[in-house]
*Asks:* 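First the structure, then my questions, so here it is.
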Amino acid sequence: MKYEKISLAYGYNDLEPYIDAETVETHYSKHLQTYVDNLNKLLEDYKSYTCGKTMEEILKDVNNIPDSIRQGVINNGGGVVNHNFYFSILTPNGGGKPKGILMNHIEEELGGFEKMKELVSNTAVGKFGSGWSWLVLNEYGDLEVMATSNQDTPISYGKIPLLTIDVWEHAYYLKYKNLRAEYVKNIWNLFNWDIIENIYEKYRVK
Ligand code: MN
């Protein structure tokens, strides 16, 4: 299998002023591309293992990845699926709140939209080093906020990603420098709740 980056549904400058054009271009066409290239190179001699499998399917079962490439696949495959997901849930016309059943469950399970936003934001700001903050649907069918380190993905822990904030410095440093909290505050203007709600509707069990 050849793994690829998603096509962006917006231009590099369309996420301005919240995420600047240079950051989107570098992040997507350089950082993400490097994960894609390294992943495909690593898997060149493992065609029978990857045959027919999405990277999400592979990362759902990390114990089944051949020992010799396991950590490389976790790092680079995680880099591909995490970034593809991140770029897919952002939109220039984003922000606001979910409207349907997801909103009800955010209220019931996480104490409301503002509380959820605070939990995800605090997790993002407080993540030491490089990683990600997530809103996920967990293995019990509940909403959960979590962090992952490096390019680890919640998929490997049996969760389904609904929303994420990339807090590697490359995601914000050109514009925000050391002010991670400002980037975290502003990215809420870009989330595409229609897409996030569609994912929730597809996988929810209650
Ligand atoms: Mn990144």
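Predicted model, so just to flag it, every value in this text is computed and none were measured. We count ligands from 1, going down the list as the structure has it; atoms in each ligand are counted the same way. We use all heavy atoms of the structure for the numbers below, so side chains are in, but hydrogens, waters and symmetry mates are not.
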*Asks:* Look up atom CG in Asn82 and atom CG in Asp166, then write down how far apart they are to the nearest 0.5 Å.
*Replies:*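 These two atoms lie 8.0 Å from each other.
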*Asks:* Any salt bridge between Glu108 and Lys206, counting N to O under 4.0 Å?
*Replies:*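 Here Glu108 does not pair with Lys206 in a salt bridge, since their nearest N and O are not under 4.0 Å apart.
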*Asks:* Among Leu110, Thr164, Ile196, whose side chain to side chain contact (heavy atoms under 4.5 Å, CB included) with Leu135 holds?
*Replies:*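 It is Leu110; the other options fail the test.
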*Asks:* Suppose the criterion is side-chain hydrogen bond (donor to acceptor under 3.5 Å, both in side chains): which pairs have a residue in residues 123-134, not counting sequence neighbours?
*Replies:*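 Matches after skipping sequence neighbours: Lys127-Ser149, Trp132-Gln151, Trp134-Thr148.
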*Asks:* Sort by chain and number the protein N/O/S atoms that are closer than 2.8 Å to the Mn ion (ligand 1), and list them.
*Replies:*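 Atoms qualifying: His27 NE2, His83 NE2, Asp166 OD2, His170 NE2.
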*Asks:* Name each donor-acceptor pair under 3.5 Å that joins a side chain in residues 56-66 to protein atoms two or more places apart or in another chain, with its distance.
*Replies:*
| unit_1 | atom_1 | unit_2 | atom_2 | d |
| --- | --- | --- | --- | --- |
| Glu57 | OE1 | Thr54 | N | 2.9 |
| Glu57 | OE1 | Thr54 | OG1 | 3.4 |

*Asks:* Considering only residues two or more places apart or on different chains, which pairs with a residue in residues 175-190 satisfy salt bridge (Lys or Arg N to Asp or Glu O under 4.0 Å)?
*Replies:*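 As it turns out, the salt bridge (Lys or Arg N to Asp or Glu O under 4.0 Å) pairs with a partner in residues 175-190, which skip direct neighbours, are Glu182-Lys185.
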